[in-house]
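Read the structure below first, then the notes.
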There are 2 protein chains.
Amino acid sequence: MYSIGDLSRRTGVKAPTIRYYEQMGLLEAPERSEGNQRRFAKAELERLAFIRHARDLGLTINSIRQLIGLSGHADRPCADADRIAKEQLASVRDRIAKLQKLEEELERIATCCTGETVGDCYVIRALSDHSLCGHEH
Amino acid sequence: MYSIGDLSRRTGVKAPTIRYYEQMGLLEAPERSEGNQRRFAKAELERLAFIRHARDLGLTINSIRQLIGLSGHADRPCADADRIAKEQLASVRDRIAKLQKLEEELERIATCCTGETVGDCYVIRALSDHSLCGHEH
DNA sequence: TCTTGAACCTCTAGTCACTAGAGCAATTAG
DNA sequence: CTAATTGCTCTAGTGACTAGAGGTTCAAGA
C-alpha cells in the first residue's frame, strides 16, 4: 500500500497530477485509509507508470483512456492499439517537420542581425516582412 | 479602412482571434464605425501580419508584446530582439530533439506489433514496461 | 502519550492561446 | 426594403495540468 506521496516519488508524477488522473478516469479510485487518505496497490503503481510513459510519448489523456480500455480485454485484436500508436507516430513526424522549418527560419533571423539599434534590427524586420522568409508557412 | 472580416481574409487570422489579440494588448483598439464595428487602418494590417508571423514561429503572446514594445523605440539597441529570437531558436531545437526521441521509440513500438490480440500486443506491453525502451526519457 | 511538522484532503481558480455559442445589432447586395 | 451576411459583446469550454486556501491526518521523536 502506497500513499500518494510514495507513488509520486516512485513514478515522478506529482501528487496533484495523480489526483487529476483519477478524476479523468485513468486511474480507478483507490482504497482509502481510515482518515480518508489514498492507499494505492501495486497494480495502480504499474498503471500510473504506463500512463506516465504514454504521456511522455505525447499520447493524449483520451488516447490513453482508449488504450486502458483495450488492455482490459486481452482477447480482442490489437489492431486498435496499433492504430493509436501509428497515429501518434504520424503526428510526431508532422510536428518535427514543422519545427524544422521554424528552426531554419529562426536561425536565419537570429544570426543575421547586425544592426545596432532596433531601427535596423533584422529580427524585427524579418518578423514584419514575410517576403524575407526562405519559404512558405 | 478594413472591417474585421477584411483583415481576417488578408492575414488568415480568424476574427475572434483578432479581437483576442486586441484584448491582449497586441493590437491597439481600432477606430469604430457609427454602428460600433471595428475599422482597421493599414498600420494595423501590418502589425497583425507581424503577429501572425511571430506566432507561426512559435513566439508566445508575451514575447510578441515585448517585441512590439521594442519596435516602438527605434533608437534602442536591438540586443533584446536578438535575445528573444535566440531563446526561441533554442527552445525549438530542444523540442525537435525531444520529438525525435519519441519518433524513434514510437517507430519501434508501432512497427513491431505482431500479436493478434491485445494480450500479446507489443504496443501495450511496451507502454507498460519502460525497460523495453531504447533509451531514457 | 503527547506534540510537532510533514504530508494529505477537497475545492476553486489560474495558465495559454485560442474556439464556440448565445443573443443581439449593423451593414450590404439585390 | 428586405434578407443574408457580417459584426458586436459576453460567457464558457478546451487540454493537461498547477497553485493556493483552508482544513485534516499521519508518523516520528520527546
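These numbers come from the heavy atoms of this one structure, side chains and all, not from hydrogens, waters or symmetry mates. Here is how names work: the chains are called A, B, and so on, in the same order as the sequence lines, proteins then strands, and each is numbered from 1.
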Nucleotide C:dA7, atom C1' - distance to CG of A:Leu7 in whole Å: 14 Å

Enter the inter-axis angle for the ends of the helix from C:dT1-D:dA30 to C:dG30-D:dC1 (five pairs per end, rounded to 10°). 10°

So, using side chain to side chain contact (heavy atoms under 4.5 Å, CB included) as the criterion, who are the partners of B:Asp94 when residues are at least two apart? B:Lys98

If you look only at distance, which donor and acceptor atoms sit under 3.5 Å apart when one is on a side chain in residues 10-21 of chain A and the other is two or more places apart or in another chain?
unit_1  : atom_1 : unit_2  : atom_2 : d
A:Thr11 : OG1    : A:Leu7  : O      : 2.8
A:Thr11 : OG1    : A:Val13 : N      : 3.3

Using whole Å, report how far CD1 of A:Ile18 lies from P of D:dC17. 12 Å

Partner residues of B:Glu103 under the side chain to side chain donor-acceptor pair (under 3.5 Å) criterion, sequence neighbours left out: A:Arg93

Contacts of A:Glu31 meeting side chain to side chain contact (heavy atoms under 4.5 Å, CB included) (sequence neighbours excluded), chain-then-number -> A:Met1

For the pair A:Glu87 and A:Arg83, evaluate salt bridge (charged side-chain N to carboxylate O under 4.0 Å, His left out) and give the outcome as yes or no after the intermediate values. CA-CA 6 Å; A:Glu87 277 171 13; A:Arg83 181 183 47 75; 3.1 Å; yes

Shortest non-hydrogen contact from A:Leu59 to A:Ser63? CB-CB, 4.3 Å

Nearest-Å distance for atom pair CD/P, residues B:Glu22 and D:dC10: 12 Å

Can you check whether A:Lys42's main-chain N or O pairs, donor with acceptor, with A:Arg47's side chain at less than 3.5 Å? no

Where B:Phe40 and B:Pro30 come nearest, the two heavy atoms and their spacing: CE2-CG, 3.5 Å

How would you summarise protein contacts on nucleotides 8-30 of chain C per nucleotide, using B for base, S for sugar-phosphate only and - for none, with heavy-atom distances below 4.0 Å? SSB------BBS------SS---

Between P of D:dT6 and OH of B:Tyr2, the distance in whole Å: 18 Å

